[in-house]
Amino acid sequence: MAEEIITALATAWGEGGIAIVRVSGEGCASLVDKMFRAKKRFSEQPARYMALGTLHAKDGTLFDEVLAVRFERGNSYTGEESAEIHCHGGALSAQRCVEELCALGARMALPGEFTRRAFVNGRINLAQAEAVAGIIKARSDEALAASARSLQGSFTEQIRGLMDSLTELTAALEVDLDFPEEGEGFITDGESAERIKKLSGRCEELLSGCRSGMLLRDGVRAAIIGRPNVGKSSLLNALLAENRAIVTATPGTTRDSIEETFIYKGLPVRIIDTAGIRATEDEIEAIGVRRSLKSMAEADIILRVIDSSESAAEDEIGPLSAEKKQIVILNKNDLPTRTTEADVEALFPGCPRISISAADGTGVDELKELIVRTALSGGSVSGGCSVTARQVECLLRTKEAVEAAGEALLSDLGDDLVLSCLAEARGQLSSLLGLDASEELLDKIFGSFCVGK
């Protein structure tokens, strides 16, 4: 059955210089012929060359002068016969163009359907398709570069290299399993154990780079918490370099959470200013405190603010779990200090700490540096690839399966179990690349794309 012709606006709705309407599917050039008029029929124009012409409605009414270009099958974004019509900017002309195309037999594309067709037609794999979304959503130069690397296949090459190594080891073990009479075998247990150890190490290296890539893509959530009137809202304003939150000397001014994002060294940091945490009879303030505790639980990093001009004391927040990253911020160092380093160490042993003044900006840049360093666990975002939570989950399961194979080998549980674990690892990598992707998975991934991409 011939593929359906789909169309959608590829640029954002609204006024602008141009608006690009995308069309894809066998016969789309002939379809455009019915509404595009130029010196030569559109379907006869050389591929990948712009043609100047006019667009006409079914009744012959001219409604725009445009540039149009066609792409042959195998040399387009989707891998299919495709076309683009570059209308004048503004929603009306582009909308009319889409409507006329649909009236002539095309249909509106579903979210992400153009990229999905590129995947189905083998022009890109699933990891590259997901990198397209990363490029669209990139909020920094570093995030854009990471997504571009993934789209160009850098991440895919690393995954395929890991897959090839798993396949080679599997083949060697299967030879021994099939021909047990061949002396000491094709590969010794010691060699197998060494190769499995190296494979586990490569998984961990990939995961480390992926975590950095996810931070570039999704950013890090940092919740500012502390007792009332310690300077949390002032800190938010200092980090954003704008007066975003109301600051007064009255405790309990912040009743609800305020969220804003700043970018430092390529890493988006989502800052959440929360209500001061204390016991209160005020119903509205109590709701704010509960929301603060919720934000604290969901945050990647806790910025615990202490008023250094007051004596340090245990607050109502209490100690956090060892897994939760925390930075202790001694605020108001422009005032006489009453909190000592020993006090802070006693209350928050081993936590990184920094002394600042949110009021005059002292130490704020150093705090940003510390936030990024803490988020990356001392690593770097440079050279990483953009990945999704799904891809990280596949890599985690791959590493677990490889380690399980190593444990089965050391415990002498038999080559059958070792091979089963290695097969699970290869299956996870296949899922990551979309080699055996289900329709349900594809619907979930491409459904998050915008229409026209």
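Bear in mind that the values here come from a model prediction, so they are computed numbers and not experimental data.
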Heavy-atom pair with the smallest gap, counting every atom of S200 and E403
OG-OE2, 3.4 Å

Among T167, L435, I159, exactly one meets side chain to side chain contact (heavy atoms under 4.5 Å, CB included) together with L429. Which residue is that?
I159

Taking every non-hydrogen atom, the tightest pair across E100 and A57:
OE2-CB, 3.5 Å

Taking the cut-offs as 6.0 angstrom to the six-membered ring centre and 45 degrees off its axis, would you call R96 and F63 a cation-pi pair?
yes

Shortest non-hydrogen separation from A29 to F42 and the atoms involved
O-CD2, 3.7 Å

Any heavy-atom pair between the side chains of T388 and V392 that's under 4.5 Å?
no

Beyond-backbone contact of L303 with Q326, side-chain heavy atoms, under 4.5 angstrom
no

Kindly say whether S93 contributes a backbone atom to a donor-acceptor pair with the side chain of H88 at under 3.5 angstrom?
no

Salt bridge (charged side-chain N to carboxylate O under 4.0 Å, His left out) pairs, two or more places apart, involving residues 155-171:
none

I would like to know whether F155 and L432 meet side-chain contact (heavy atoms from CB on, under 4.5 Å); could you show each step before the answer?
CA-CA 11 Å; F155 181 57; L432 193 156; 3.7 Å; yes

Looking at side-chain heavy atoms only, is the closest gap between S82 and V23 below 4.5 Å?
no

Is there a side-chain contact (heavy atoms from CB on, under 4.5 Å) between L235 and V305? Walk through the geometry before answering.
CA-CA 9 Å; L235 176 58; V305 184; 3.8 Å; yes

Do the side-chain N and O atoms of T54 and E65 include a donor-acceptor pair separated by under 3.5 angstrom?
no

About how many Å separate CG of L162 and NZ of K198, when rounded to the nearest 0.5 Å?
14.0 Å

Test your reading of the model: is there a side-chain donor-acceptor pair from S24 to the backbone of I6, 3.5 Å cut-off?
no

Less than 4.5 Å apart, side chain to side chain, heavy atoms only: is that true for H56 and T61?
no

Only one of R390, Q391, R397 passes side chain to side chain donor-acceptor pair (under 3.5 Å) with E393, and that residue is R397

Do E113 side-chain atoms and L110 backbone N/O form a donor-acceptor pair below 3.5 Å?
yes

With heavy-atom distances below 4.5 Å as the criterion, would you say the side chains of V269 and L239 are in contact?
no

When you measure from the side chain of S430 to the backbone N and O of R426, does any donor-acceptor pair fall under 3.5 Å?
yes

Would a 4.5 Å heavy-atom cut-off, applied to side chains only, mark R202 and L207 as touching?
no

Among I18, L52, I85, which residue satisfies the side chain to side chain contact (heavy atoms under 4.5 Å, CB included) criterion with L67?
L52

Is the shortest heavy-atom distance from the side chain of R221 to the side chain of I272 under 4.5 Å?
yes

N121 side chain to T78 backbone, donor-acceptor under 3.5 Å:
yes

Which heavy atom of L409 sits nearest to which heavy atom of V418, and what is that distance?
N-CG2, 3.8 Å

Just by modelled atom types, is the A358 backbone N or O under 3.5 Å from a matching donor or acceptor in the N331 side chain?
yes

Contacts of F119 that satisfy ring pair (Phe, Tyr, Trp, His ring centres under 6.0 Å) - sequence neighbours left out:
none

Give the intermediate values and the outcome of side-chain hydrogen bond (donor to acceptor under 3.5 Å, both in side chains) for residues N125 and Q128.
CA-CA 5 Å; N125 58 50; Q128 290 173 300; 3.3 Å; yes

Donor-acceptor under 3.5 Å (E84 side chain, V69 main chain):
no

Begin with the C-alpha distance, continue with both residues' side-chain angles, and end with the deciding distance and a verdict on side-chain contact (heavy atoms from CB on, under 4.5 Å) for C421 and V402.
CA-CA 6 Å; C421 293; V402 169; over 6 Å; no

Can you tell me if R48 has over 12 outside heavy atoms packed within less than 6.0 Å of its CZ?
no

Taking it one step at a time, do F262 and I271 satisfy side-chain contact (heavy atoms from CB on, under 4.5 Å)?
CA-CA 8 Å; F262 70 88; I271 293 289; 3.4 Å; yes

So with a 6.0 Å cut-off around CG of L92, is the heavy-atom count from everything else above 12?
no

Please say whether the positively charged group of R22, taken as NZ for Lys or CZ for Arg, lies over the ring of Y77, i.e. under 6.0 angstrom from the six-membered ring centre and within 45 degrees of the axis.
yes

In Å and rounded to the nearest 0.5 Å, what is the CD to CG distance from E204 to L395?
10.0 Å

Between R116 and D443, is the closest basic N to carboxylate O distance under 4.0 Å?
yes

Is a side-chain donor or acceptor of K368 paired with a backbone partner of Y264 at a separation under 3.5 angstrom?
no

Strictly distance-based, threshold 3.5 Å: is any side-chain N or O of Q45 a donor or acceptor partner for the main-chain N or O of K40?
yes

Measure from the side-chain N and O atoms of T11 to the backbone N and O of I20, and report whether any donor-acceptor pair falls under 3.5 Å.
yes

Say you draw a straight line from NE2 of H86 to SG of C97; how long is it, rounded to the nearest 0.5 Å?
11.0 Å

In short, A19 meets L9 closest at the heavy-atom pair CB-CD1, 4.0 Å

Can you find a heavy atom in the side chain of L166 that is under 4.5 Å from one in the side chain of L199?
yes

List the steps and the verdict of salt bridge (charged side-chain N to carboxylate O under 4.0 Å, His left out) for R270 and E260.
CA-CA 6 Å; R270 188 177 178 184; E260 291 290 347; over 6 Å; no

Closest non-hydrogen atoms of S76 and F71, given as atom of the first, atom of the second and distance, are CB-CB, 3.6 Å

